[in-house]
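Just so it is clear, the model here is predicted, and its values are computed rather than measured.
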There are 2 protein chains.
Amino acid sequence: MNAGPNVPEREAPMAGWEQNHETAGMPQTSIEDLLKAVYGLEAAKKRPSTKAVADVLGVQMASVTGMVKNLAAEGLLEHVPYHGFELTAKGRELALRMLRRHRLIELFLIQTLGLGWDEVHADAEVMEHAVSDQLVERIYAYLGKPEFDPHGSPIPDSDGAVAARSGVPIAHLAAGDEGIVSEVEDEDPEFLRYLSSLGIKIGSSLRVMAKDPYGGLVRLRMGRRRISMGTEAAERVRVARSHV
Amino acid sequence: MNAGPNVPEREAPMAGWEQNHETAGMPQTSIEDLLKAVYGLEAAKKRPSTKAVADVLGVQMASVTGMVKNLAAEGLLEHVPYHGFELTAKGRELALRMLRRHRLIELFLIQTLGLGWDEVHADAEVMEHAVSDQLVERIYAYLGKPEFDPHGSPIPDSDGAVAARSGVPIAHLAAGDEGIVSEVEDEDPEFLRYLSSLGIKIGSSLRVMAKDPYGGLVRLRMGRRRISMGTEAAERVRVARSHV
DNA sequence: TTCTAAAATTAGGATTGTTGAATTTTATTG
DNA sequence: CAATAAAATTCAACAATCCTAATTTTAGAA
Ligand SMILES: [Mn+2]
Ligand SMILES: [Mn+2]
Ligand SMILES: [Mn+2]
Ligand SMILES: [Mn+2]
């Protein structure tokens, strides 16, 4: 065993520099991010392969294999070597707990500080590992028990229940379809600014005018504005169909 | 070398679970806390000995010796084995940067969420390592460029300049002295609740009625309330003398 | 000055998260 | 069915924190 709590006697030093974090048996950042990555791949109906997870995390496959061994030992996921892995109920719970934190933090920063939807992801990505459950619940209450984050993603509740992903990617619509923007990919600030420049936000109502068969361009109308979007972007914006 | 940035190609996954933190060359939590501990001891005019730092951080002396070697190699402090260490300008800068973060976060949580002064230290202690400089400055602006944190400690400015510690401990006052509470020790929630139960807050005006020479009890008057306080507590509350 | 207790360092381990290189397994293609 | 490329694992190393148990150094007391 290693790194016991080892509570030191307090020494009555003056305000502002004392330590003694209660970070004892807390799950590590990397663990939590790996679980989130697996969850995200599962949710996106992609197989959470070693390679896919490594790509999401930005580490080598060997690192994932190594970490997965620890995670499996802790009962957070199951691993059949060479045949992928899968979250256990416990692992999914932890992943959803992180997603809840991430999304509440994003919304909190936007609501309090007036940041833009393109300015909060990176900070939330780090802060999600740093806040206490107590603080998260205070934020939740302060925000009025919100159900969606600033990018339209559902906020898991404190029991780990989460609404199904809403809508379908714009790219999956056909000419003539109409819908309301329900969720956008949130991790790339540039992309979010691009959407803003097109006037797209959560709740925007749009209609597919045409789809170019080869280049993969989608022509849309939003109110009286006409915009076009490449397939790549059209895959990253989901709309709830309002008309088939 | 280890853990290169290793930027992965983006894969256009859907909102809410992508990673790729920009945590590349960032200083670690332990490093930052050690520097803060040394700074705090220096500020309190205690020698930042291996033992003192170990006690503050809640680790063994051997761990401090080891970490100090790294810190010295990075030019954050100077170490003369067996004769203590001292922050370099760079080390002090980093320590003050952390203190700024810590104090702004505490104030931010209190102002936005309405938390009590006893509920913010532990979260700030962890969050201080997690927020971006950009976010810190947004918080600073949002709070109206505050000069003091909720416990009366001065907030270092973004250049690392910090006001001198204000006041003296109540324990240092003599009978008849009057003063205004200017700063209280912040890391022990119990202690802060104890102060609250006595009605003491930053700005409270009080007068020393008597000091018991042996037991070390200080008898105070605050408005028309009379309170007594043991030496230990009286060492942890500072007042700005208003009358000698 | 000599002794001794406290403080500090060194030595030797453990654990975690990494990497790159070598190897093994799987799946696909011919 | 064999060849082969991609995916996955294993292995050896390394860095950073931590620990416990020696050992060394310092400083204060006798
Ligand atoms: Mn996000
Ligand atoms: Mn994260
Ligand atoms: Mn504090
Ligand atoms: Mn800290």
Side-chain angles (χ1 to χ4, degrees), chain A residues 1-9 11 19-21 23-35 37-38 41 46-74 76-86 129, chain B residues 1-9 11 19-21 23-35 37-38 41 46-74 76-86 129:
Chain A
M1 219 117 316
N2 195 18
N6 204 319
V7 180
E9 354 310 329
E11 250 218 276
Q19 311 289 307
N20 312 329
H21 304 175
T23 29
M26 287 223 336
Q28 307 309 303
T29 292
S30 311
I31 299 292
E32 293 171 337
D33 282 339
L34 192 150
L35 258 15
V38 174
L41 287 162
K46 291 178 193 161
R47 196 173 62 91
S49 64
T50 303
K51 183 167 191 304
V53 172
D55 286 350
V56 172
L57 259 30
V59 299
Q60 295 303 315
M61 281 193 297
S63 309
V64 173
T65 304
M67 266 193 291
V68 157
K69 220 173 291 182
N70 298 341
L71 278 281
E74 291 188 60
L76 293 163
L77 51 69
E78 273 162 30
H79 185 202
V80 183
Y82 293 105
H83 289 87
F85 27 81
E86 201 179 354
H129 310 285
Chain B
M1 221 116 316
N2 196 18
N6 204 320
V7 181
E9 354 309 329
E11 250 218 272
Q19 310 291 306
N20 311 330
H21 304 175
T23 29
M26 287 223 334
Q28 307 309 303
T29 292
S30 310
I31 300 294
E32 293 170 339
D33 283 340
L34 192 149
L35 293 175
V38 174
L41 287 162
K46 292 177 193 163
R47 198 172 62 92
S49 63
T50 303
K51 182 166 192 304
V53 172
D55 285 348
V56 172
L57 295 177
V59 298
Q60 296 303 125
M61 283 193 296
S63 307
V64 173
T65 304
M67 267 193 291
V68 156
K69 219 174 290 181
N70 298 343
L71 279 280
E74 290 188 61
L76 293 164
L77 50 70
E78 273 162 29
H79 185 203
V80 182
Y82 293 104
H83 289 88
F85 28 80
E86 202 179 356
H129 310 285

Rounded off to whole Å, could you give me the [atom1]-to-[atom2] distance for the [X] and [N] pair?
X: Asp55(B); N: dA8(C); atom1: CG; atom2: P; result: 10 Å
X: Glu74(A); N: dT15(C); atom1: CD; atom2: C1'; result: 12 Å
X: Leu57(B); N: dC18(D); atom1: CG; atom2: P; result: 8 Å
X: Leu76(B); N: dA16(D); atom1: CG; atom2: P; result: 13 Å
X: Gln28(B); N: dG17(C); atom1: CD; atom2: P; result: 13 Å
X: His129(B); N: dA16(D); atom1: NE2; atom2: C1'; result: 16 Å
X: Leu34(B); N: dT17(D); atom1: CG; atom2: P; result: 10 Å
X: Leu71(B); N: dA15(D); atom1: CG; atom2: P; result: 17 Å

Close side-chain approach of Leu76(B) to Leu34(B), heavy-atom, < 4.5 Å = no
Shortest non-hydrogen contact from [X] toward [Y]:
X: Leu57(B); Y: Asp33(B); value: CD2-O, 3.7 Å
X: Met67(A); Y: Ser30(A); value: SD-CB, 3.8 Å
X: His79(A); Y: Phe85(A); value: CD2-CD2, 3.6 Å
X: Val38(A); Y: Pro48(A); value: CG1-CB, 3.9 Å
X: Ala37(B); Y: Val53(B); value: CB-CG1, 4.4 Å

Between protein and nucleotides 7-13 of chain D, map the contacts as a letter string: B base, S sugar-phosphate only, - none, heavy atoms under 4.0 Å, written 5' to 3'.
-> SBBB---
Would you say Asn70(A) reaches dG17(C)'s phosphate, i.e. side-chain N/O to OP1/OP2 under 4.0 Å?
-> yes
Closer than 4.0 Å, any side-chain N/O of Ser30(A) to the OP1 or OP2 of dT18(C)?
-> yes
